Amino acid sequence: MAYRSPISRRNFLKATTVAMAGLARPALRFGCVPGQTLPLEEFSYGDVTITSEPHERQLHDTMAVLMELSEDSLLKPLRKMAGQPAPGEELGGWYLYNPDYDRKKSNDGFAPGAPFGQWVSSFARAYAITKAPELRDKVLRLNRLYAQTISPGFYVKNRFPAYCYDKLLCGLIDAHQFVGDPAAFPILEETTNTALPNLPPKSVEHDASWRPGTDETYTWDESYTISENLFLAYERGAGDRYRELGARYLLDSYYDPLAEGSSDLAGRHAYSHVNSLCSAMQAYLTLNSEKHLRAAKNGFDFVAAQSYATGGWGPDELLRAPGSPDVAASLSNTHSGFETPCGAYAHFKLTRYLLRVTRDPRYGDSMERVMYNTILGAKPLEPDGRAFYYSDYNYDGHKVYHPERWPCCSGTLPQIAADYRISAYFRDGHNVFVNLYIPSTVRWIEQDAHISITQKTTYPVDSVIQLDVRASRPSRFRVQFRIPAWAENAAIAVNGKLVSGESKPGSFVAVEREWGVEDRVELNLPMTLRLEPIDANHADTVALLRGPLVLFPQRQGMRTAKRSELLAAQNTAPGQWQAATQSGPVGFLPFTDIQNQAYSTYLKLI
Ligand SMILES: [Zn+2]
């Protein structure tokens, strides 16, 4: 019998402002230094309701697949590695535990049980959104079943003990925070006690061997990324031990030269090192370490400088040196452009931290690009474990599933789908920041008044966003709107009257007033077609953009066009464009609208 998902779209659309009983927001141990500005606060998952169909479909469909999985199957590799009876079907693919794994024969069994903790985290976040009791029960049950499997065998037999520990840690601290599972921290203690003797004593570099007698695959663990969740565990009350562990696993050989600007990211494994910049941000927030903030900022700048127009980065999962010809060459020599769910998840976390700390809207611009041009267009997770992995930026590009089932990206897809809402709005005292323009509602209480802002828009296809502000009684506060760097001549009107003052591209523009019971804001972010070169040395290799959207040419083998032809593309239907070229008319679509047809991302100008 098919499981009926509690996450109906209607449930998602249902608003809830109920505070989580007994769950305080994480205490800020930050800001005690005079002159330091506090980071912007995130809203809770339940404070934001998203009504955008593609965003909610992604969360709904992914969670529906995960809720259907047999719990015996989910636990099977963990039980097998603990030497326990393990009934039920294998999920297969990367998830399988195969003691005779041989990557020359097959990659099935590559990372047994690895996304288990990410799926628990996703159920917990989905519960924070929907309050569906089935999700709470699922988290409570899985944690208890998992607790019975905790054994050194899981770490000894695992290629990725630190990676897997990090994911289990994430699931347990989310179960504590969002579900209020009273067993989560005791289970975390046992997990940590069992894992630590089987982890390297400090973080080790990617590709460095630390376990004698193991092959190369055992050097791909990611101990240098685990500090972020260790610090979060500490902030959520798991104990001082987690702050100490967080500090211990910071990889100095990565952050120190990066903070000084004396190293770049060249040659580093892409997703895990961008993810590791989130550990640097948590070191800043938890330990007040300015050095780690500098490392994260510099790291982001290196990533931004080598990103595709889509916001994606790291062809063949490697970061490149500044000015490297590799990124342009990747358009012909690989189909593995950007590890999309994992990379976008790390990118969202990093830009969320940086935006909160610096209030610089360019981090919001970057997040928005990655959202519309990569992750929101990922193919859906299939019940058999087929998962979208790489965005393909080749001249002969296709959207395909990864050949191996249940890869890493099946763990991060539901996490980022849940996180759109905590990335859309932020607050600080009497300021509310609108970062992402997505049909949605945010609710909060401002000096005893119940306030909501509801966005109605077909952005980024259209340029106008309508925001209805409702207050239970008139209230004074400031709403800050992100004006993207590409948006020249942006305009804001309140109740039909233009707000005076400059709306500079690449800034937050504040509207402060006494808001009445019902007010309407209209924000216009005018969009024109523009071309962006892949890098400074390949000025004639360009992507066509409009606002935050890359427009992807829909013709197999198309490699060239004239600048004037591209910039004269016409909007032929909502979300569709067409250019007249020498070789006939060519259609252009956003990434979200590409199905199985061939496309390219860049063209060479002739
Ligand atoms: Zn992945």
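Note that the structure is a prediction, hence the values are computed from the model and not measured. First listed ligand is number 1; within each ligand, the first listed atom is number 1. Heavy atoms only: backbone and side chains are in, while hydrogens, waters and symmetry mates are out. For reference, positions follow the sequence shown, starting with 1.
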Would you give me the side-chain donor-acceptor pairs under 3.5 Å for residues 344-351, sequence neighbours excluded?
from, atom 1, to, atom 2, distance (Å)
Y345, OH, R125, NH1, 3.1
Y345, OH, R125, NH2, 3.3
H347, ND1, W313, NE1, 2.9
H347, NE2, S366, OG, 2.7
K349, NZ, E228, OE1, 2.7
K349, NZ, N275, OD1, 2.7
T351, OG1, H347, O, 2.7
T351, OG1, F348, O, 3.3

Can we call the ring centroids of Y255 and H292 under 6.0 Å apart?
yes
If you count every protein N, O or S atom closer than 2.8 Å to the Zn ion (ligand 1), you should arrive at 4
Salt bridge (Lys or Arg N to Asp or Glu O under 4.0 Å) involving D316 - partner list, sequence neighbours excluded
none
Between F154 and K80, is there a cation-pi geometry (under 6.0 Å to ring centre, at most 45° from the normal)?
no
Using the rule given for side chain to side chain donor-acceptor pair (under 3.5 Å), can you reason through E368 versus Y437, listing the C-alpha separation, both sets of side-chain angles and the distance that settles it, and then say yes or no?
CA-CA 9 Å; E368 176 177 63; Y437 298 113; over 6 Å; no
Can you name the salt bridge (Lys or Arg N to Asp or Glu O under 4.0 Å) partners of D384, sequence neighbours left out?
R386
